[in-house]
Colleague: 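Handing you a structure now.
Throughout, protein chains are lettered first and strands after them, A, B, ... in sequence-line order, and every chain is numbered starting at 1. Just so you know, these numbers come straight off a predicted model, no measurement behind them.
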Protein chains: 2
Amino acid sequence: MSTPESRADAGAIYRRYLSAVMLHGHASAKACDLGATDLYALNLLELEGPMTPGVLGARAGLTTGPTTRMIDRLEEAGYVRRTPSPDDRRKVIVEPIGRPVRLDEVMTPAREEVGKILRGYSPEQLDVLFDYFTRAAEAYRQAVDDLHATP
Amino acid sequence: MSTPESRADAGAIYRRYLSAVMLHGHASAKACDLGATDLYALNLLELEGPMTPGVLGARAGLTTGPTTRMIDRLEEAGYVRRTPSPDDRRKVIVEPIGRPVRLDEVMTPAREEVGKILRGYSPEQLDVLFDYFTRAAEAYRQAVDDLHATP
DNA sequence: AGATTTCTCTTCCTTAAAGAAGAGATTATG
DNA sequence: CATAATCTCTTCTTTAAGGAAGAGAAATCT
């Protein structure tokens with residue numbers, strides 16, 4: 001499982017892994033009646049924290065009309081909350097509410113399975129994995145920014 | 001970076017990582033004018049290999065009409081190819097075409113950045129990571145199946 | 001062989017999400 | 001202090017994707 005030959009299809013393994021993650025995310029969202037854009041916004045909020053409808057819409061590639069309605073949907077479904085901005089009364093802050101309950105629930109089986117996998121590693125191995133998670137997350141976040149900058 | 005305290009927010013790190021991966025996948029697809037369903041189908045094909053429109057549509061949660069049109073879109077965009085099934089002339093096999101060029105291109109910056117990160121690990125550490133990728137992919141794939149089974 | 005089922009595709013209709021334009025409120029600017 | 005700019009939201013229209021129903025070809029069953 002770690003011979004030089006097997007390292008050759010590292011790319012394939014990695015693509016397969018990414019596909020599985022994406023597939024699962026999508027399937028979970030669909031099971032919660034969450035559209036693609038709504039899921040995108042939730043991921044954005046999870047990753048970057050609370051932001052105004054303006055920037056949220058811009059980063060999701062939406063004009064203001066759809067942005068308002070998307071936030072309406074997310075708020076009604078309990079994923080998000082609108083708070084007036086303290087320093088500018090025109091603005092609104094959209095913040096994710098803890099963990100989206102419904103989504104969390106749907107993802108539980110996968111999380112437990114992954115947890116099982118992770119518990120099979122030694123502390124040193126876990127250090128490697130979480131080091132990777134941290135750095136890869138930042139790399140992907142950065143890549144999204146760049147994509148958004150040069151369309 | 002590996003103290004017991006930091007292990008406490010393992011969940012947060014992992015969620016953040018998943019969000020970043022999803023976000024990047026979505027953003028890349030959008031940059032290629034790929035809708036959510038089309039991306040889902042591509043991931044499915046990447047993960048499970050060629051399949052008929054029937055099963056593809058079923059696994060994507062579509063009826064036959066939208067399925068045909070989705071495959072039309074993917075085929076026209078060069079992501080997929082239709083081949084007549086050799087053993088049943090009613091059937092069609094939908095197979096992904098190598099790596100989707102356009103999508104591949106858009107994802108290049110992230111891939112290179114992740115490659116850079118991976119090259120920073122020792123062979124033993126890479127073994128751990130790829131072992132994880134392999135097992136997690138299977139876990140997610142299984143979870144999607146289960147989601148699909150019990151809606 | 002004839003009837004039935006299976007599979008894909010086509011056509012028409014419905015629905016959900018996105019764009020455009022502008023109103024109302026608030027802040028910044030000259 | 002008045003004008004302009006900013007921010008969110010509303011309304012109306014457009015577009016893209018999905019559902020329903022059925023046709024045509026081919027396999028399966030009796």
Colleague: With a 4.0 Å cut-off on heavy atoms, is A:Thr67 in touch with a base, just the backbone sugar-phosphate, or nothing at all?
Modeller: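 Contact class for A:Thr67: none.
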
Colleague: Using whole Å, what does the distance between atom P of nucleotide C:dT8 and atom NZ of B:Lys91 come to?
Modeller: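 Going from B:Lys91 (NZ) to C:dT8 (P), I get 7 Å.
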
Colleague: Whole Å only: how far is the CG atom of B:Asp72 from the P atom of D:dA16?
Modeller: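 So the CG-P distance, B:Asp72 to D:dA16, works out to 15 Å.
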
Colleague: Under the 3.5 Å rule, do the base of C:dA18 and the side chain of A:Arg69 count as making a donor-acceptor pair?
Modeller: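 Under the 3.5 Å cut-off, the side chain and the base do form a donor-acceptor pair.
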
Colleague: Let me know the distance between CE of A:Met70 and P of D:dT8, rounded to the nearest Å.
Modeller: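 After rounding, the gap between these two atoms is 12 Å.
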
Colleague: Verify the contact: side-chain N or O of B:Thr52 to OP1 or OP2 of C:dT8, cut-off strictly under 4.0 Å; return yes or no.
Modeller: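 For B:Thr52, the contact criterion (side-chain N or O under 4.0 Å from OP1 or OP2 of C:dT8) is met.
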
Colleague: Cut-off 3.5 Å, side chains only: do B:Tyr79 and B:Asp38 have a donor facing an acceptor?
Modeller: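 Side-chain D/A pair, B:Tyr79 to B:Asp38: absent.
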
Colleague: Could you give the CD1-to-C1' distance, from A:Ile71 to C:dA18, as a whole number of Å?
Modeller: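 To the nearest whole Å, that distance equals 15 Å.
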
Colleague: Identify whether any heavy atom of A:Gly54 sits under 4.0 Å from a base atom; if not, whether one sits that close to sugar-phosphate; answer base, sugar-phosphate or nothing.
Modeller: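 Sugar-phosphate contact only - A:Gly54 comes under 4.0 Å of backbone atoms but never of a base.
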
Colleague: For A:Asp87 and B:Thr68, find the nucleotide of DNA chain C closest to each by heavy atoms; which residue's nucleotide sits nearer the 5' end?
Modeller: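 Its nucleotide being nearer the 5' end, the pick is B:Thr68.
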
Colleague: Between A:Lys116 and A:Glu113 (salt bridge meaning N to carboxylate O under 4.0 Å), is one present in this structure?
Modeller: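 So A:Lys116 pairs with A:Glu113 through a salt bridge.
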
Colleague: Is B:Thr37 close enough to D:dG18 that one of its side-chain N or O atoms is under 4.0 Å from OP1 or OP2 there?
Modeller: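 B:Thr37 to D:dG18 OP1/OP2: side-chain N or O found under 4.0 Å.
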
Colleague: Could you tell me the separation between the CG atom of B:Asp88 and the P atom of C:dT6, rounded to a whole number of Å?
Modeller: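 About 12 Å, once rounded to whole Å.
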
Colleague: Determine the contact category for A:Pro66: base if any of its heavy atoms lies under 4.0 Å from a base atom, sugar-phosphate if only primed atoms, P, OP1 or OP2 are that close, otherwise nothing.
Modeller: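 Base, at least one base heavy atom under 4.0 Å.
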
Colleague: Would you call A:Arg59 and A:Asp145 a salt bridge, using N to O less than 4.0 angstrom?
Modeller: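 So A:Arg59 pairs with A:Asp145 through a salt bridge.
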
Colleague: Rounding to an integer number of Å, can you tell me how far A:Leu62 CG sits from D:dT8 C1'?
Modeller: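 Going from CG in A:Leu62 over to C1' in D:dT8 covers 14 Å.
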
Colleague: In whole Å, what is the span from the CE atom of B:Met51 to the C1' atom of C:dT8?
Modeller: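 It is 16 Å, rounded to the nearest whole Å.
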
Colleague: Without decimals, in angstroms, what is the distance between A:Arg89 CZ and C:dA28 P?
Modeller: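 About 12 Å, once rounded to whole Å.
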
Colleague: Are A:Asp146 and B:Pro109 packed together at the side-chain level, in the sense that at least one heavy-atom pair is separated by less than 4.5 angstrom?
Modeller: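 SC-SC contact between A:Asp146 and B:Pro109 ruled out.
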
Colleague: Any donor-acceptor pair under 3.5 Å joining the side chain of B:Arg90 to the base of C:dT6?
Modeller: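 Under the 3.5 Å cut-off, the side chain and the base do form a donor-acceptor pair.
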
Colleague: Side chains of A:Ser19 and A:Arg16: do they bring a donor and an acceptor to under 3.5 Å?
Modeller: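 No, no side-chain donor-acceptor pair sits under 3.5 Å.
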
